[in-house]
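The next block holds one structure in the form of structure tokens; read it before the comments.
Labels below follow one simple rule: chain letters A, B, ... track the order of the sequence lines, proteins then strands, and each chain is numbered from 1. Computed from heavy atoms alone, side chains included, the values below leave out hydrogens, waters and symmetry copies.
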There are 2 protein chains.
Amino acid sequence: MISFEKFIMEDGMPIYLQILQYIKRGIIAGTIADGDELPSRRMLSALLGVNPNTVQKAYRMLEDEGLISSHSGAKSYMVLNDETIARVRSQLLEGDAVGIVLSMKQMGLSKAEAIALLEKYWDKEVNP
Amino acid sequence: MISFEKFIMEDGMPIYLQILQYIKRGIIAGTIADGDELPSRRMLSALLGVNPNTVQKAYRMLEDEGLISSHSGAKSYMVLNDETIARVRSQLLEGDAVGIVLSMKQMGLSKAEAIALLEKYWDKEVNP
DNA sequence: CAAACCGTATTACTCATATAATACAGTTAA
DNA sequence: TTAACTGTATTATATGAGTAATACGGTTTG
């Protein structure tokens, strides 16, 4: 069963996208693997304190991307292979890296300063 | 006159927040300084291709934070001192760094891998 | 002074997000 | 078999973001 223990909800980003992102990051991290059972829509919505429809939207998009399999009445499972994992990895890493670089550059930071900043905050506690 | 030449609009984030962020990053970068003249609401909205109300919303929030001065009929100017600049800097840098670290950690990257990723994309072209 | 700007305000509309309350049919396990 | 779960679907509502079209009054400059 996939754990949502480390899920941290932020505002400013649609919840269903945050769920999508969390799953994809787990795939890259290797904490979510092929065949893993997903929590049901109702269970996860209760856990996160959001509406079941919001979870359903996220799951539906994951299914459209071919990352999970859902069948009416049955539980949902991750469907992953090397190709899909590689695709998700490049999508996410590139998107994040580009965003970071854009942000740092707009602030006038040099590459060295950006790296120093990253190192400085790496070991700090992020979770609330 | 503050330039919006390097402003890149992304979707997924409210435009008025992007304007706010762009100004604040300029303050940190030093490209925006005390006394600088801001483009009028109408001019900037035309330049960005957005509604004047969207720009007004961003400017209003900047005024509420004490970063600009607006008087009916007259142009708007940046109002910055060492204290406010330091405040904006810590707000933005910490927020960005924390977000980056959270993202990388959720993907299971090590500090070294995160730095390598940042270096890899630093010199790539970001603009469309 | 008068024209051309400026900031400010109002109302109405569309769209996406998220919630809410159900309902129905398929699967699974006691 | 039946109860307790699943996934799926529908309709309604609320809110925020963004657009659109105006309007009013103050400032600036020729």
ask   = Is the shortest heavy-atom distance from the side chain of B/Q18 to the side chain of B/I8 under 4.5 Å?
value = no
note = Note: B/L20 and B/A58 closest approach over all heavy atoms is CD1-O, 3.2 Å
Distance in angstrom units between B/M61 CE and C/dG7 P, rounded = 18 Å
key: Terminal axis angle for the helix from C/dC1-D/dG30 to C/dA30-D/dT1, five pairs an end, nearest 10 degrees   = 20°
key: Test log, rule salt bridge (charged side-chain N to carboxylate O under 4.0 Å, His left out), inputs B/D82 and B/R89   = CA-CA 10 Å; B/D82 291 347; B/R89 176 187 301 274; over 6 Å; no
request  = May I ask you to verify if any side-chain N or O of B/K57 is less than 4.0 angstrom from the OP1 or OP2 atom of D/dA17?
outcome  = yes
key: A/S72 side-chain proximity, nearest of C/dG7, C/dA25, D/dG18   = C/dA25
inquiry  = Measuring to OP1 and OP2 of C/dT17, would you say a side-chain N or O of A/T54 lies under 4.0 angstrom away?
reply    = no
message = Please determine whether a side-chain nitrogen of the Lys or Arg among B/E65 and B/K24 lies less than 4.0 Å from a carboxylate oxygen of the Asp or Glu.
response = yes
note = When rounded to whole Å, the CG to P distance for the pair B/N53 and D/dA21 reads 12 Å
query = Expressed in angstrom and rounded to an integer, what is the separation of B/M13 atom CE from C/dT17 atom P?
reply = 16 Å
inquiry  = Measure CD1/B/I68 against P/C/dG7 and give the value in whole Å, please.
reply    = 9 Å
request  = Report yes if at least one side-chain N or O of A/S76 is closer than 4.0 Å to OP1 or OP2 of D/dT6; otherwise report no.
outcome  = no
ask   = Between D/dT6 atom P and A/Y59 atom OH, what is the distance in whole Å?
value = 11 Å
task = Can you tell me the distance, in whole Å, between the CG atom of B/N51 and the C1' atom of C/dT10?
result = 13 Å
ask   = What distance separates A/S45 OG from A/I15 CD1, expressed to the nearest 0.5 Å?
value = 11.0 Å
ask   = How many Å lie between OH on A/Y16 and P on C/dA16, as a whole number?
value = 9 Å
request  = Quick one: pull up OG in A/S69 and CE in A/M78 and give me the separation to the nearest 0.5 Å.
outcome  = 9.5 Å
ask   = Considering all heavy atoms of both residues, which atom of B/Y121 and which atom of A/E94 are nearest to each other, and what is their separation?
value = OH-CG, 2.7 Å
task = Calculate the interatomic distance between B/E63 atom CD and C/dG7 atom P; express it in whole Å.
result = 11 Å
ask   = Which atom names give the shortest non-hydrogen contact between B/K6 and B/Y22, and what distance separates them?
value = N-OH, 3.5 Å
task = Mind running a 4.0 Å heavy-atom check of residues 36-48 of chain A against DNA chain C and sending the residues that fall below it, in number order?
result = A/R42
inquiry  = By nearest heavy atom, map A/L17 and A/G73 onto DNA chain C; which one lands nearer the 5' end?
reply    = A/L17
key: Side-chain heavy-atom pair A/D36, A/Y77 within 4.5 angstrom cut-off   = no
query = Of B/H71 and A/I15, whose nearest nucleotide on DNA chain C comes first from the 5' end?
reply = B/H71
